[in-house]
Amino acid sequence: MHHCGYCGFGNCSNCKNAGGNCTFAYIDLGIAVSSAAMAAAMDTVDTRIMFSVGKAAAETGYAENVLWLGIPISISGKSIFFDRGIFHD
């Protein structure tokens with residue numbers, strides 16, 4: 001088996017023993033989540049990929065040893081992710 005060391009631990013055994021995660025799992029998750037966001041965008045659904053939502057989900061303890069990301073969506077006429085309002089003092 002080839003050990004790429006891309007995780008920073010040198011090899012797969014060191015990564016596992018240190019409680020790390022394989023870098024390829026993060027890459028695969030990123031590709032899948034990006035594809036989901038693009039599919040939504042093609043149907044004019046406004047989406048964002050948010051680490052902070054995933055972090056909050058991870059802190060619930062619902063599932064152990066998983067990678068979390070959040071994808072909030074909006075189908076309204078105004079983007080929920082951008083406010084052009086005027087700020088007053």
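- Of the possible polar contacts, one joining the Thr60 side chain to the Ala57 backbone as a donor-acceptor pair under 3.5 Å is found.
- A donor-acceptor pair under 3.5 Å is absent between the side-chain atoms of Asn14 and the main chain of Gly10, judged by distance alone.
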Apply side chain to side chain contact (heavy atoms under 4.5 Å, CB included) to the pair Val33 and Ile71, showing each step before the final yes or no.
-> CA-CA 8 Å; Val33 170; Ile71 309 175; 3.6 Å; yes
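- Heavy-atom minimum distance, Cys7 versus Cys15: SG-CB, 3.7 Å.
- Under a hydrophobic clustering in which Ile, Leu, Val, Met, Phe, Trp and Tyr are joined whenever their side-chain heavy atoms come within less than 4.5 Å, directly or via other members, Ile49 and Val45 fall into the same cluster.
- If you chain together hydrophobic residues whose side chains sit under 4.5 Å apart, Phe24 and Leu29 never meet in one group.
- Every residue meeting the salt bridge (Lys or Arg N to Asp or Glu O under 4.0 Å) condition with Lys55, not counting sequence neighbours, appears here in chain and number order: Glu59.
- In this structure, SG in Cys12 is found 11.0 Å from CG in Asn17, a value given to the nearest 0.5 Å.
- For the pair Phe51 and Leu69, the tightest heavy-atom approach, listed with the atom from each and the gap, is CA-CD2, 4.0 Å.
- Smallest separation of non-hydrogen atoms from Met50 and Pro72: SD-CG, 3.3 Å.
- A distance of 11.0 Å separates CD1 in Ile73 from CG in Asp43, rounded to the nearest 0.5 Å.
- Here Asn21 pairs with Tyr26 under the side chain to side chain donor-acceptor pair (under 3.5 Å) rule; sequence neighbours left out.
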